[in-house]
Amino acid sequence: MDVKRLLLLIPLAVLAYLIMVQWNQDYGQPPSTPDAPAITSNAADASDASSSQGLAAPSSANDVGSELPGSSEPAANSRDLVAVITDVLDVRIDPQGGDIVYAALPQHLMSQDGDRPYVLLSNNSTLSYVARSGLQLDGNSGRIAFAPEKTEYRMVDGQDSLQVDMTATVNGIDIIKRFTFKRDDYAVNVSYLLANGGESAVSARFIGQLARDNNPDPSTGPKMGMRSFLGAAYSSPDNRYEKIDFEDIQAGNFQNRDVEGGWVAIIQHYFTSAWVPPQQQDNLFYAATDSQDRNVAAFAGQSQTLEPGAEASLGATLYMGPKVQERLEAVAPNLELTVDFGWLWFIANPLFWLLDHIHSLIGNWGWSIVILTIMVKAALWPLSAKAYKSMARMRKLGPEMQRLKERFGDDRQKMSQEMMKFYQKEKINPLGGCLPILIQMPVFIALYWMLLESVELRHAPFMLWIQDLSVKDPYFVLPILMGASMFVQQLLNPTPPDPMQAKIMKMLPIVFTFFFLWFPAGLVIYWVCNNCISIVQQYVITRKIEDDPEVGKGLKTK
C-alpha cells in the first residue's frame, strides 16, 4: 500500500479505535439507584459492612491481610445507622466499626430528568461499595462498637462545619471516632481520639479501606454509553498516578509498598472515593480481596505507642465526590490525576483549562466549546491554509494532471516522473488533502477524552434539544450535520486520481456519520463547527487560486 492510501486510512483507524473504546463495554442498563438505608438498618443494607467478614488491618508490610478483625457482636439487623446530611453529602455511618456504608451526592442527580441524587457508596444487592476505617489496637480483636450521641445530624443554614462523635471504651482506652464535615466540601476528616486510662502502653494504627464489588459503573448509560476506567488507583512520590485493574487485585498482582504520604482511591466515570493519609508520615499501601470477593484498596498508617495516661490522635481524609480538578488538588497532591485524560493529557489539560476559563465568562458549556473550536482553528489556521492552497492548485490543474495520466498511463515509471516534475513546478503537495484531517486528529482524540472525563459537562445543557453535552444527540441531528459538512468539504477538494483513494474519500462522510451517532454531543459540536470554519477557509482559498492567472501560466505538456 502506498503512502497516500495509508494516510487516507489513518482517520478511519483513529475513529475505529474510538468506537472500539465505546463498544468494549458491558451492555445493558445501569444499576438502579440504591435507596438510602433507613436510619435503622437491615442486614441487606449495612450489616455486612461491619460484620465478622470485615477487612483486616495489616501489622506490617509483611503481614497484609484483607480482613479487619471480626466483631464479636452479632449481626445487628436493627442496628441504628447514623445519618449525616450536609449541602453536598448525604451519608450513613454504621456505628459498628464506624464505616460509611452509604453516600449520596445531592448536587449531582442520577439522571437529568429525575430528582434522585447520585449514589456513590452503597451496600446492598445492587452495589457493594463502602468506605471503611478501623483501628488496629493492642488487645482488641473485633470491630469496635461505638455509641453515637444521636442518630441524625443535619447541617443548617449558616453552619460551616458539622462534627459527628461516636464513643467507645476498649481495654481501658477511651476512644472517640470523629467525623468532621464542612460546607461545600466532599472531603471528610476521619479521626480517632485516644486516651489511655489503662496501666500499660498500647500501640494503635489507623486503617483506611475502600471495598467495592465488580458491578458495573452506574455513571454510564446503556449500550454505547462511554465508560472510563473503573478500578483502583494509588499515588506515591515515586509514582504520581498508578491505576490497578480489579482483575489485577483479584489475581493478587499488586505489590505492597511503604511510602511517605500518597493516597489510595477507587475511580470511576465522573466520581471517585479516596483515602488520603497524613502526607508527612510513612504509610503502607496494599490491595486484596475480602471474604465477599470485593476489591479492597487500602492503606495503613504508622503505629503509635500510647503510654498510660497519654493521649493521641490518628486520622485521615476521606474524599467522596465528583472528579473536579480544583477540589481534588485541594485535598492531596496529584489527586487531580484521577481525572484521566488519557495518553494525550498534555493536549487535553490545556484545552480543558481554556474551556473552563471560557465557561467562566459566558456560563454555557456548549457555546464554550464553539468558542474553543474557533480558537483552536485560529491556532491551526496557517498550517491548514497551506494544505488548502495545495488542494486548490490540484483542483485547478486537475485537467492537466488527467492529460498526463492519459499520455503516460501505460508507462507508470515515466508517469510518476512527469507527475513529480509537475508537482514541483506548480508547488503542489499531493498529500495536502490529508493534512487537515491528520492535523486535527490529536486535538480530536484529546477532546474526546476531555469530554468523556469532565464531570462539569455531565447534564450540562447547550440549547434547544441538546440538554446534556456528555451524551449522544438524542435525535442524531448533529451527526447528520457533521456528515453533510464533510460532504460539502469534499466538493471543494480535487478528485483523487487513484480510484481507490476516490472511493475511500466518498465513504468518509458516511463512515464518520455512523461513528459520530454515539459520540457525546459536545464533541460533535466541536467537529461541526470545525468543519464549517474549514469550509469557509477552503472556499475562500479555492476561489483565490482559481482566479489567480499565475497558477498554471505557461504550463506546457510534452
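Note: hydrogens, waters and symmetry copies are ignored here, and every other heavy atom, side chains too, is used. Bear in mind the structure is a predicted one, so any value in this text is a computation, not a measurement. Start at 1 with the first residue, then count along the sequence.
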Check whether any side-chain heavy atom of [X] sits under 4.5 Å from a side-chain heavy atom of [Y], and report yes or no.
X	Y	result
Trp449	Leu452	yes
Leu89	Asp185	no
Ile249	Val296	no
Leu337	Asn334	yes
Ile525	Leu469	yes
Phe462	Gln467	no
Phe229	His269	no
Pro322	Tyr270	no

[X] and [Y]: side chain donor to acceptor below 3.5 Å:
X	Y	value
Ser236	Asp238	no
Asp213	Asn295	no
Trp465	Asp473	yes

Would you say [X]'s side chain and [Y]'s backbone share a donor-acceptor pair under 3.5 angstrom?
X	Y	result
Asp245	Glu247	no
Asp90	Ala104	no
Gln107	Val88	no

Just wondering, are more than 12 heavy atoms of other shown residues or ligands nearer than 6.0 Å to [atom1] in [X]?
X	atom1	result
Arg240	CZ	no
Asp115	CG	no
Phe476	CZ	yes

Check step by step if ring-ring contact (aromatic ring centres under 6.0 Å, His included) holds for Tyr319 and Trp275. CA-CA 7 Å; Tyr319 182 89; Trp275 277 112; over 10 Å; no
Closest non-hydrogen atom pair between [X] and [Y], with its separation:
X	Y	result
Thr513	Pro479	CG2-O, 3.7 Å
Leu120	Gly321	CD2-N, 3.7 Å
Leu127	Asn215	CA-ND2, 3.9 Å
His359	Ser368	CA-OG, 3.2 Å
Thr373	Asn530	CG2-N, 3.6 Å
Gln250	Asp293	OE1-OD1, 3.0 Å

To the nearest 0.5 Å, what is the distance between [atom1] on [X] and [atom2] on [Y]?
X	Y	atom1	atom2	result
Ile100	Ser122	CD1	OG	13.0 Å
Thr338	Trp263	OG1	CH2	6.0 Å
Ser454	Lys323	OG	NZ	9.5 Å
Phe516	Leu478	CZ	CG	11.0 Å
Asn214	Thr289	CG	OG1	10.0 Å
Phe271	Asp217	CZ	CG	9.0 Å

Between Tyr234 and Tyr241, is the ring centroid distance below 6.0 Å?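 Tyr234 vs Tyr241: aromatic centres not under 6.0 Å.
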Tell me whether the centres of the aromatic rings in Tyr448 and Phe519 are closer together than 6.0 Å.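 When the ring centroids of Tyr448 and Phe519 are compared, they turn out to be within the sub-6.0 Å range.
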Take Lys377 and Ser534 through the test side-chain hydrogen bond (donor to acceptor under 3.5 Å, both in side chains) and record every step on the way to the result. CA-CA 8 Å; Lys377 192 63 179 176; Ser534 297; 2.7 Å; yes
Using 30° and 60° as the class limits, which term best fits the ring planes of Phe512 and Trp527: parallel, tilted or perpendicular?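 The arrangement is tilted - the two ring planes meet at 30° to 60°.
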With a 4.0 Å cut-off, would you call Asp248 and Lys243 a salt bridge?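 Salt bridge: no.
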Walk me through it: do Leu517 and Lys472 pass the test side chain to side chain contact (heavy atoms under 4.5 Å, CB included)? CA-CA 7 Å; Leu517 292 176; Lys472 64 184 177 71; over 6 Å; no
Test log, rule side chain to side chain contact (heavy atoms under 4.5 Å, CB included), inputs Leu372 and Leu447: CA-CA 11 Å; Leu372 177 67; Leu447 276 170; 4.0 Å; yes
Could you walk me through whether Leu351 and Val443 satisfy the side chain to side chain contact (heavy atoms under 4.5 Å, CB included) test, starting with their C-alpha distance in whole Å, then the side-chain angles of each, then the deciding distance to 0.1 Å, before giving a yes or no? CA-CA 9 Å; Leu351 287 175; Val443 177; 4.2 Å; yes
Give the C-alpha distance, both sets of side-chain angles, the deciding distance and a yes or no for side chain to side chain contact (heavy atoms under 4.5 Å, CB included) between Glu336 and Arg327. CA-CA 8 Å; Glu336 73 278 3; Arg327 292 183 179 273; over 6 Å; no
According to side chain to side chain contact (heavy atoms under 4.5 Å, CB included), who are the partners of Ala348, at least two apart in sequence or on a separate chain?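 Only Phe341, Ala446, Met450 meet the side chain to side chain contact (heavy atoms under 4.5 Å, CB included) criterion with Ala348.
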